[in-house]
Asker: 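Submitted below is the structure of interest, expressed as structure tokens.
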Amino acid sequence: MISVEDWALLRRLVADGVPRRQVARDLGIGRATVDRAVASDRPPKYERPPGPTAFTPFEQRVRVMLEEHPDMPATVIAERVGWDGSITWFRDNVRQLRPQYRRIDPVDRLEWAPGDAAQCDLWFPPFRIPLEDGTAKLMPVLVITAAHSRFMLGRMIPTRTTEDLLLGSWELIQQLERVPRRLLWDNEAGIGRGKRFAGGVATFMGTLATKLVLLPPRDPESKGIVERRNGWFETSFMPGRVFTSAADFNTQFSDWLGRANSRVVRTTKASPVSRLEADRAAMLPLPPVPLHLGWRNSVRLGRDYYVRLDSNDYSVDPRQIGRIVDVSADLERVRVRSGGRIVADHARAWARGMTISDPTHLQTAAVLRKQFQQPRRAATGDDLTRDLTDYDRAFGIIDGEMS
């Protein structure tokens, strides 16, 4: 076989008009070799003829396993078929066979009409947020992206529960000032899975007059816009930042989103802000009725004058002990009412297992406890004492002696 340099040289000589016989004689190769080189459209390449290898005896069994389980790891297949050679060599051979058994999943290019949809997701920033009890943990950030304009909104929330997800969604939708006709979620447990919605979600969607779409498994394209932005947040927003609290995170994130929404998006060749007005125009108006969202519960206040919400205990005015009180909470505050009157108002704690006490409640409890421990005084007064002769007269004793 001739080299690549000879192949290029003889093709140039023949193209310049040198007879093929003379080219063969000058290069010391056969005339037939010259003819094949001129007819070939690619340089010569040595290829070893296929033959049996150490993998060949195992190939059929590997194919059977891939037929049933296309994604089974190569290490597991090697163990099942009894391979004891190089795992790297085995993995390379399995990698060549695997595409033949995977199902084809073509990707469609989706077009998003103005006002049609907003993609919703939870993003977990790679930074532990300091909490009230001195601990720090990864906290969820609710992100909503309008599909047509690519306008982004986001807010850190305390938990992934339905109550907090709906509170966060409503706050972001209010910032958008309009309601997208569809909200797309990827089977978040606090929203719903399959065809089942979490408690309160259907009412929320009905009040907004929008449609909730729970995406099927293995359908990343339908929510790819918001998921790509989650990755962008980690590479563009997070580097070099420090957060002292969840409120500090929300402030920094909101400021950054204001600038990010002004940048030109490569796919749309326009900034989200410039396309937002057309997106809003096709959306639905905000509901005219107030939404009753958040944590709500009614309990009888016990002697331990605390109510529990999301694993934390909050003090209540101890004068309400024994009465039914209504507990409500949003993302910021926890309030307790009795007869429509607020008897407790606390900042909501995002840590878990905490006891939050109002000093006024502690002072009131101390006064009530002291009053309870004092002995009752005996009642005195002329109206409670009687002359013993009254009883004698009632039983006829005095009258009998006189007779």
Side-chain angles (χ1 to χ4, degrees), residues 1-112 150 218-225 227-232 234-236 239 263-271:
M1 187 181 74
I2 61 176
S3 66
V4 175
E5 291 79 6
D6 289 343
W7 175 80
L9 176 60
L10 68 86
R11 286 174 62 86
R12 181 174 61 80
L13 292 174
V14 171
D16 289 342
V18 179
R20 297 187 182 187
R21 187 181 300 278
Q22 182 179 343
V23 171
R25 184 171 59 253
D26 293 343
L27 296 180
I29 57 177
R31 170 66 185 276
T33 302
V34 175
D35 292 340
R36 287 195 300 270
V38 171
S40 175
D41 60 352
R42 64 186 61 187
K45 179 181 177 182
Y46 173 74
E47 295 182 358
R48 175 184 247 175
T53 65
F55 181 77
T56 304
F58 299 88
E59 181 176 343
Q60 186 56 37
R61 295 173 61 191
V62 171
R63 288 182 178 276
V64 171
M65 301 193 75
L66 290 176
E67 180 73 33
E68 298 180 3
H69 308 284
D71 297 318
M72 181 179 289
T75 52
V76 178
I77 298 176
E79 180 183 355
R80 301 283 175 86
V81 301
W83 174 265
D84 57 0
S86 168
I87 189 61
T88 302
W89 169 247
F90 186 86
R91 189 182 288 113
D92 291 342
N93 283 274
V94 172
R95 186 181 298 113
Q96 296 177 14
L97 297 178
R98 199 185 296 276
Q100 304 176 28
Y101 298 94
R102 278 181 172 157
R103 287 184 249 177
I104 298 175
D105 181 20
V107 176
D108 293 328
R109 295 194 175 185
L110 303 179
E111 297 291 335
W112 301 97
R150 307 305 202 264
R218 296 182 294 277
D219 186 21
E221 297 82 21
S222 297
K223 203 161 65 67
I225 294 176
E227 290 181 348
R228 283 193 295 273
R229 274 142 188 82
N230 290 350
W232 184 45
E234 296 191 9
T235 58
S236 297
R263 299 174 183 173
V264 174
V265 179
R266 180 180 56 84
T267 53
T268 62
K269 297 180 176 59
S271 67

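Throughout, residue positions are numbered sequentially from 1 according to the sequence presented. Worth knowing before you read on, the calculation uses all heavy atoms, side chains too, and leaves out hydrogens, waters and symmetry mates. The structure presented is a predicted model; accordingly, all values stated were derived computationally and were not measured.
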Asker: Quick one: list whatever passes ring pair (Phe, Tyr, Trp, His ring centres under 6.0 Å) with F90, sequence neighbours left out.
Answerer: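 Partners of F90 by the ring pair (Phe, Tyr, Trp, His ring centres under 6.0 Å) criterion, ordered by chain and then number, come out as F55, W83.
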Asker: Quick one: list whatever passes side chain to side chain contact (heavy atoms under 4.5 Å, CB included) with T268, sequence neighbours left out.
Answerer: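 In terms of side chain to side chain contact (heavy atoms under 4.5 Å, CB included), with neighbours along the sequence ignored, T268 is linked to R150, V265, A270, R275.
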Asker: Please give me the minimum heavy-atom distance between R229 and I225, naming the atom from each residue.
Answerer: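 It is NH1-O, 3.1 Å.
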Asker: Return the CG to CD1 distance between D92 and I87, rounded to the nearest 0.5 Å.
Answerer: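 Those atoms lie 10.0 Å apart.
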Asker: Can you give me every donor-acceptor pair (side chain of residues 13-32, partner residue at least two apart or in another chain, under 3.5 Å) with its distance?
Answerer:
unit_1 : atom_1 : unit_2 : atom_2 : d
R20    : NH1    : D35    : OD1    : 3.0
R31    : NE     : D35    : OD1    : 3.3

Asker: Return the set of residues passing side chain to side chain donor-acceptor pair (under 3.5 Å) with R36 (not counting sequence neighbours), or none when no residue passes.
Answerer: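 Partners of R36 under the side chain to side chain donor-acceptor pair (under 3.5 Å) test: T33.
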Asker: For a 4.5 angstrom cut-off between non-hydrogen side-chain atoms, does R91 reach R95?
Answerer: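 Sidechains of R95 and R91: in contact.
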Asker: Which residues pass the salt bridge (Lys or Arg N to Asp or Glu O under 4.0 Å) test with R266, sequence neighbours left out?
Answerer: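 Listed in chain order: nothing, the list is empty.
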Asker: Could you tabulate the donor-acceptor pairs under 3.5 Å formed by side-chain atoms of residues 71-80, not counting sequence neighbours?
Answerer:
unit_1 : atom_1 : unit_2 : atom_2 : d
D71    : OD1    : R102   : NE     : 3.1
D71    : OD1    : R102   : NH2    : 3.4

Asker: For N230, what residues pass the side chain to side chain donor-acceptor pair (under 3.5 Å) criterion, not counting sequence neighbours?
Answerer: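 N230 satisfies side chain to side chain donor-acceptor pair (under 3.5 Å) with D121 only.
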Asker: Has the side chain of R11 got a donor or acceptor atom that lies under 3.5 Å from a matching backbone atom of A37?
Answerer: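 A pair under 3.5 Å: yes.
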Asker: Just to verify, what does T235 make a side chain to side chain contact (heavy atoms under 4.5 Å, CB included) with, not counting sequence neighbours?
Answerer: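 Counting only residues at least two positions away or on another chain, T235 forms a side chain to side chain contact (heavy atoms under 4.5 Å, CB included) with W232.
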Asker: Partners of Q100 by side chain to side chain donor-acceptor pair (under 3.5 Å), sequence neighbours excluded?
Answerer: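 Q100 satisfies side chain to side chain donor-acceptor pair (under 3.5 Å) with R63 once adjacent residues are dropped.
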